[in-house]
Amino acid sequence: MTNPAKPIRERGLFITIEGPEGAGKSTHARRLHERFRGVIPLVLAREPGGTAIGEAIRTVLLDERHREMSAETEMLLFAASRAQHVGEVVLPALEAGTSVLSERFVDASIAYQAYGRGLPVEVVRRVNEVATRGLIPDLTLLLDVDPSVGLPRARGADGKEGPRGRGDRLEQETLEFHRRVRAGFLQLAREEPSRFVVVDGTLPAEEVHAALADAVRKLLDRRGWCS
Ligand code: TMP
């Protein structure tokens with residue numbers, strides 16, 4: 001009997017980068033993209049956003065005037081942005097053999113909307129199963145930082161949605177809220193040690209980058225892809 005034909009192209013890898021506010025996700029995502037895009041076809045994406053519809057939803061979510069937004073509305077809007085992102089960008093890329101590095105995914109909804117806002121974890125998971133069509137990251141890089149360090153950083157960053165110093169609607173939440181979010185991320189990492197790699201976001205940037213790049217390289221090695 002002959003072996004089934006090997007597919008010409010393998011599915012791309014789906015890597016997510018997560019963490020509490022001010023952990024350095026965007027900077028490190030950009031650096032990883034620069035480092036690996038010459039090794040594998042790789043696109044950089046972000047949530048909420050990543051598509052025209054998703055960016056419009058992002059504006060609604062982060063607008064500081066929308067303080068009356070309920071936890072359920074918030075969860076559904078993040079999920080709606082995700083559904084569009086998965087359908088329009090992530091799945092087509094993966095199916096074409098291109099890998100995707102996404103700033104944030106379902107873990108953010110569990111950390112923020114379940115652990116932070118208090119919605120049941122199972123409800124957030126179920127809604128997101130619809131949004132993602134069951135897609136699970138191959139690797140999740142969790143940049144960990146205590147919110148007492150990260151939050152002032154995030155609120156003071158340039159080029160973001162909210163007023164400088166105050167931050168966007170989520171960044172304006174209390175330190176207690178952001179502590180629950182961080183605890184949620186760490187709990188998720190403990191529950192799925194084979195998917196998560198946790199890196200201390202307070203280390204010098206070069207050390208953080210080296211640890212993140214090492215995790216990506218190991219994933220490529222496991223796939224048998226030259227890195
Ligand atoms: P960002 O800071 O990564 O751009 O994300 C914008 C904010 O949205 C940030 O405060 C985290 C929050 N967020 C959620 O609360 N739930 C989600 O599912 C996602 C993707 C982000």
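First listed ligand is number 1; within each ligand, the first listed atom is number 1. Along the sequence shown, the residues carry numbers beginning at 1. The model shown is predicted, which means the values in this text are computed figures rather than measured ones.
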(request) Report yes if D168 has an N/O atom closer than 3.5 Å to an N/O atom of ligand 1; otherwise report no. (result) no
(request) Using distance alone, determine whether R58 and ligand 1 share an N or O pair under 3.5 Å. (result) yes
(message) Checking a contact table here: which protein heavy atom is nearest atom 14 (C) of ligand 1, and how many Å away?
(response) F78 CZ, 3.1 Å
(request) Below 4.0 angstrom from a heavy atom of L170, which ligand 1 atoms are there? Numbered from 1 as shown, please. (result) 10 (O)
(request) Report the part of E74 in contact with ligand 1, treating N, CA, C, O as backbone and CB onward as side chain, heavy atoms under 4.0 Å; options are side chain, backbone, both, neither. (result) neither
(request) Around atom 16 (N) of ligand 1, find the nearest protein heavy atom and jot down its residue, atom name and distance. (result) Q113 OE1, 2.9 Å
(request) Locate the shortest heavy-atom distance separating L143 from P20; write the atom from each residue and the value. (result) O-CD, 3.4 Å
(request) Measure the distance from atom 5 (O) of ligand 1 to every protein heavy atom, then report the residue, atom name and distance (to 0.1 Å) of the closest one. (result) R104 NE, 3.4 Å
(request) Give the contacting part of R46 toward ligand 1: side chain, backbone, both or neither, where contact means a heavy-atom distance below 4.0 Å. (result) neither
(message) For ligand 1, which is the ligand I care about here, please tell me if S109 has any N or O atom under 3.5 Å from one of the ligand's N or O atoms.
(response) yes
(message) Tell me whether K25 has any N or O atom under 3.5 angstrom from an N or O of ligand 1.
(response) yes
(request) Specify the protein heavy atom at minimum distance from atom 9 (C) of ligand 1: its residue, its atom name, and the distance to 0.1 Å. (result) E21 OE2, 3.4 Å
(request) Kindly say whether P48 contributes a backbone atom to a donor-acceptor pair with the side chain of R58 at under 3.5 angstrom? (result) yes
(message) Quick check: E47 and ligand 1, any N/O pair under 3.5 Å apart?
(response) no
(request) Flag the pair R11 / D138 as yes when at least one side-chain heavy-atom distance between them is below 4.5 Å, and no otherwise. (result) yes
Which donor-acceptor pairs under 3.5 Å do the side chains of residues 116-124 make with protein atoms, sequence neighbours left out?
unit_1	atom_1	unit_2	atom_2	d
R117	NE	E74	OE1	3.3
R117	NE	E74	OE2	2.9
R117	NH1	E173	OE2	3.0
R117	NH2	E74	OE1	2.9

(message) For L170 versus H178, what's the shortest heavy-atom pair and its separation?
(response) O-NE2, 2.9 Å
(request) Please answer: with hydrophobic residues joined when any side-chain heavy atoms are less than 4.5 Å apart, are I17 and V198 in the same cluster? (result) no
(message) I want to check something: taking the side chain as every heavy atom from C-beta on, are R155 and P163 in contact at a cut-off of under 4.5 Å?
(response) no
List the atom pairs, with distances to 0.1 Å, where a side-chain N or O of residues 80-91 and a protein N or O form a donor-acceptor pair under 3.5 Å, not counting sequence neighbours.
unit_1	atom_1	unit_2	atom_2	d
S81	OG	G49	N	3.1
R82	NE	E47	OE1	2.5
R82	NH1	S109	OG	2.9
R82	NH1	N128	OD1	2.6
R82	NH2	E47	OE1	3.0
R82	NH2	F105	O	3.1
Q84	NE2	E88	OE1	2.7
H85	ND1	E47	OE2	3.0

(request) Report yes if the side chains of I15 and L219 come closer than 4.5 Å at any heavy-atom pair, otherwise no. (result) yes
(message) One residue to check: R82. Relative to ligand 1, which of side chain, backbone, both or neither has a non-hydrogen atom less than 4.0 Å away?
(response) side chain
(request) Starting from atom 7 (C) of ligand 1, find the nearest protein heavy-atom neighbour and note its residue, name and distance. (result) L62 CD2, 3.8 Å
